[in-house]
> 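Below you will find the structure I want to go over with you.
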Amino acid sequence: MQVLYSVINFILLVAIIWIFGKKAILKIFSSRREKIENGLADAERASRTEEEQRAAIEEVARNLSESETETAKRLELAASKYVKTLNEQADKEISVINTDLEESLKSMKFDMLHEVRANVVHKVADECRELFSKEPYLSQFRKDEPVIADMILKMVSLTPGDKVYINSKGLLYVTLISAFKLDPAVTEKIRSHMEKLVAAEGSTISFRVKTDEQCIGGLKLRVGDTVYDGTIDNILWTLLTRLKRSPMDKPDMSADEIKKGIISGLKGLSREIDIYQLGRVLSVSDGICWLDGLTDSMYGELVEFDNGERGMLLSIEPSRIACVVFGKYENIRELSSVRRLGMMADVPVGDELLGRIVDPLGKPIDGKGGIHAKSYMPIENPAPAILDRQAVSSPLQTGIKAIDALVPIGKGQRELIIGDRQTGKTAIAVDTILNQRGRNVICIYVAIGQKETGIASIASILKKNGALDYTIIVCADAYQSAPMRYIAPYAGTTMGEYFMNRGRDVLIIYDDLSKHAVSYREISLLLHRPSGREAFPGDVFYLHSRLLERSARLSEEKGGGSLTALPIVETQAGDISAYIPTNVISITDGQIFLESELFHEGQRPAVNVGLSVSRVGGSAQIPAMKQMAGGLRISLAQYRELASFAQFGADLDQATQASLDRGERMTIALRQDQYKPLDAELQVLIIYTFSEGYADDIAPEKIPEFEDALIKHFKSAHPDLIAVLSKGKITPKTKERLNEALKLFKGSSE
Ligand code: ATP
Ligand code: MG
């Protein structure tokens, strides 16, 4: 029963809680449901936006990727274009670099081949020594000994030097040197022969016998300073020297080939006796070597040191001789022997040198390979005799108005170009070379003591203008030794003389002789010669006169060739009364004086018309130019005079003002840019136009333009008139035609 009551109580309690808490309970549940529903809705919404977002993102991404590909495409296109232009540019640059590289590779190859060949020659020399010290050569050499002794005795004689020595010392030293101990009969024969020879001079000999392995085979007899050499060593030396000097026909000749050549050469030469004189090195310093012995040697002769370097004798004193060394003097040892070569210094000559840059000994320094010259000529030659010459009568056109009109140069003349530094001296020389194109004139440019860069730029200008083919550049730059600079102009002249003697016209430029004189002063001071004016030795005048006397116009019998010289001299502050300028002015046939002041005013070429003269060239001008030049010179002189008065600010009458104006225009008309040489007939046309007053109304600054237009017009419209001007005088009829054409030109240009 109790259980029933407690069940009824629980039901009643639940009923009461439901009645009173129904609302709250429902609320609790409904809010939960709502929450859940909301949450579900939210979740649904969220999932939906996520999708939307993804879609949106996908769409954006699609859009983006589309524009990206477009941009990428555009970028790619631009890049490919850029790369293409870059490639083109690079190709261009590479081709330039390639040609440069090719040139330098060629020169490197040439240098290397030279070195390799020198090494091979030395190696072969050593090998040959070894080879010759064995059979079958050995017994052959021994068999030849009595034959060689006889040959020597046939040739031996006393030189003037020996006789002088005998007179002063009362005896003569005779030494017999052989590779092996000689048969006593041979030795005795030589001794008695020499005794007899010297007894004839009333004296005796001091006879010595030596063996020297160095000889390899054969024997040699030294009488005083003279050696009668029949040794194999000497033959080897002769062959090797020839090989070293010969052009590199086969630069890659193998050692075996050289060896074969030497062995066959040995056969041809083994029966020859070489006669030479030997001396000793007393001291070496600063490129000067003092020598002992060589009693019969002559001024200017070549000697060879035992290290292969060559030198030239420049001072002969009673007790010693001085020579200048052309190569590296550092390797020459005191007391080493020096051999007289019995010849003067020489250089290769011929057509093979055209278009080349060579050093004063004729060695190529442009890296274009060896020069295969067929002949050599000594650098010092006597000047042509008076009877072998003829008067200067044909013009050498420089193409420069101020020079061809006022200081004309004839073929065979020597015209000095003188002025301070940087006044356009070299420019005139280079323009003159450029103007020889197509005129059958060979040009030689001798650069003395200049910078390598300057010489290189001249060479490139000549090449660019097609002028290198008929030009030789002899280069003794500032880095070469003084002796090289000293011989450079002589070497250049020799190269020119070769062509002159064959009837050709040659133009030679010495740039410049001041530096040449300085090089000689350097040598002379080292040779302990007393210095004279401005510390130059006394014979510097002779130096330049004997050089410039070699310029000439040869007579028809001698072929009619000519050598025209344009020496350049640099002055200090316009001082033409210094030693070298006065010397060279007096040697040459006139001078072109360049002035710094004019140069800086813009009057270029800066020719000072008052101080420049040409003493013979006037007779060599073309007739029309000659006709115009006289008047031009006078009117320019008048202008200068009037201009100096006008400076004082005086009131000028109309006539004076007019002539001042014309003079000013005329002076401007003589200006000329570099590398623009002008034909003589066109120069005449310009001078005519200006002196007849056709340019009086042209503003000074418009004159260059006017000149250009004038030339262009006449070249196209009146080529016949230009031809007339080039041929003969300006006749009244030509004058009429010129005036008419000029009036027409002026009418059309206004
Ligand atoms: P240096 O004393 O150094 O040898 P230089 O007297 O030989 O000098 P150049 O080297 O020929 O003189 O010329 C000097 C400068 O003047 C050069 O830069 C050259 O280009 C310029 N020049 C020479 N002549 C002319 C000209 N007619 N017109 C314009 N410029 C010129
Ligand atoms: Mg110069």
Side-chain angles (χ1 to χ4, degrees), residues 357 397-407 415-435 443-462 464-465 467 471 473-479 485 488-489 492 507-519 565-576 578 580-581 584 591-609 611-612 667-678 682-683 686 700-701 703-705 707-708:
I357 307 175
Q397 307 286 0
T398 62
I400 300 169
K401 285 172 279 183
I403 294 174
D404 286 346
L406 300 169
V407 269
E415 182 80 12
L416 171 67
I417 301 173
I418 187 168
D420 280 3
R421 53 179 300 277
Q422 291 289 303
T423 47
K425 304 185 293 295
T426 306
I428 288 182
V430 171
D431 279 349
T432 310
I433 295 182
L434 295 187
N435 196 44
C443 302
I444 299 171
Y445 178 78
V446 185
I448 310 163
Q450 297 185 36
K451 280 185 228 121
E452 263 179 17
T453 45
I455 302 169
S457 73
I458 288 176
S460 76
I461 287 163
L462 293 182
K464 213 166 83 188
N465 290 284
T471 306
I473 299 181
V474 180
C475 167
D477 57 54
Y479 305 104
R485 274 177 273 144
L507 164 74
I508 185 161
I509 288 143
Y510 307 109
D511 193 1
D512 64 69
L513 287 189
S514 318
K515 295 197 183 80
H516 181 242
V518 168
S519 308
L566 293 183
I568 294 178
V569 160
E570 186 184 306
T571 51
Q572 308 290 330
D575 180 14
I576 47 173
I580 303 300
V584 187
Q591 72 274 350
I592 296 166
F593 184 58
L594 303 177
E595 235 177 36
S596 283
E597 214 172 292
L598 289 175
F599 189 84
H600 296 308
E601 278 169 13
Q603 181 67 25
R604 300 174 187 185
V607 180
N608 178 322
V609 180
L611 286 179
S612 303
T667 314
I668 295 175
L670 290 181
R671 289 181 189 172
Q672 199 167 337
D673 279 343
Q674 259 181 303
Y675 320 131
K676 280 192 188 161
L678 212 58
L682 295 175
Q683 297 182 20
I686 289 174
E701 64 276 6
I703 287 176
E705 243 172 74
E707 271 183 54
D708 287 345

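The structure presented is a predicted model; accordingly, all values stated were derived computationally and were not measured. Both counts, for ligands and for their atoms, begin at 1 and track the order of listing.
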> Do any N/O/S atoms of Q422 come under 2.8 Å of the Mg ion (ligand 2)?
no

> Between T398 and N435, do the side chains contain an N or O donor and an N or O acceptor separated by less than 3.5 Å?
no

> Any side-chain donor-acceptor pair under 3.5 Å between E595 and N608?
yes

> Within the distance-only criterion (no hydrogens, no angle test), does the side chain of Q603 pair as donor or acceptor with the backbone N or O of L670 below 3.5 angstrom?
no

> Quick one, E570 and T423 - any side-chain contact, counting heavy atoms below 4.5 Å?
no

> Below 3.5 angstrom, do we get any N/O pair linking G424 and ligand 1?
yes

> Specify the protein heavy atom at minimum distance from atom 19 (C) of ligand 1: its residue, its atom name, and the distance to 0.1 Å.
Q674 OE1, 3.3 Å

> Taking the side chain as everything from C-beta on, heavy atoms only, tell me whether P489 gets closer than 4.5 Å to I448.
yes

> Under 4.0 Å from a heavy atom of A427: give me the atoms of ligand 1 that qualify, with their elements.
11 (O), 23 (C), 24 (N)

> Among protein heavy atoms, which sits nearest to atom 27 (N) of ligand 1, and what does the distance come to when rounded to 0.1 Å?
Q672 O, 2.9 Å

> Of all the non-hydrogen atoms in the protein, which one sits nearest to atom 15 (C) of ligand 1, and at what distance?
Q422 OE1, 3.7 Å

> So how far is it from T571 OG1 to K425 NZ, rounded to the nearest 0.5 Å?
7.0 Å

> Give the residue, atom name and distance (to 0.1 Å) of the protein heavy atom nearest atom 4 (O) of ligand 1.
T426 OG1, 3.9 Å

> Please find the pair of heavy atoms, one from P605 and one from I428, that lie closest to each other, and give the distance.
CB-CD1, 4.3 Å

> Which protein non-hydrogen atom lies closest to atom 16 (O) of ligand 1, naming both residue and atom, and how far is it?
F599 CZ, 3.0 Å

> I'd like to check whether R421 has a polar contact with ligand 1, where a contact means an N/O of the residue lying under 3.5 Å from an N/O of the ligand.
no

> What I'd like to find out is whether the side chain of I458 reaches to under 4.5 Å of the side chain of I433, using heavy atoms alone.
no

> State the atoms of ligand 1, each with its element, that fall below the 4.0 Å cut-off from a heavy-atom position in T423.
5 (P), 6 (O), 12 (O)

> Looking at atom 5 (P) of ligand 1, what's its closest protein heavy atom, distance included?
K425 N, 3.5 Å

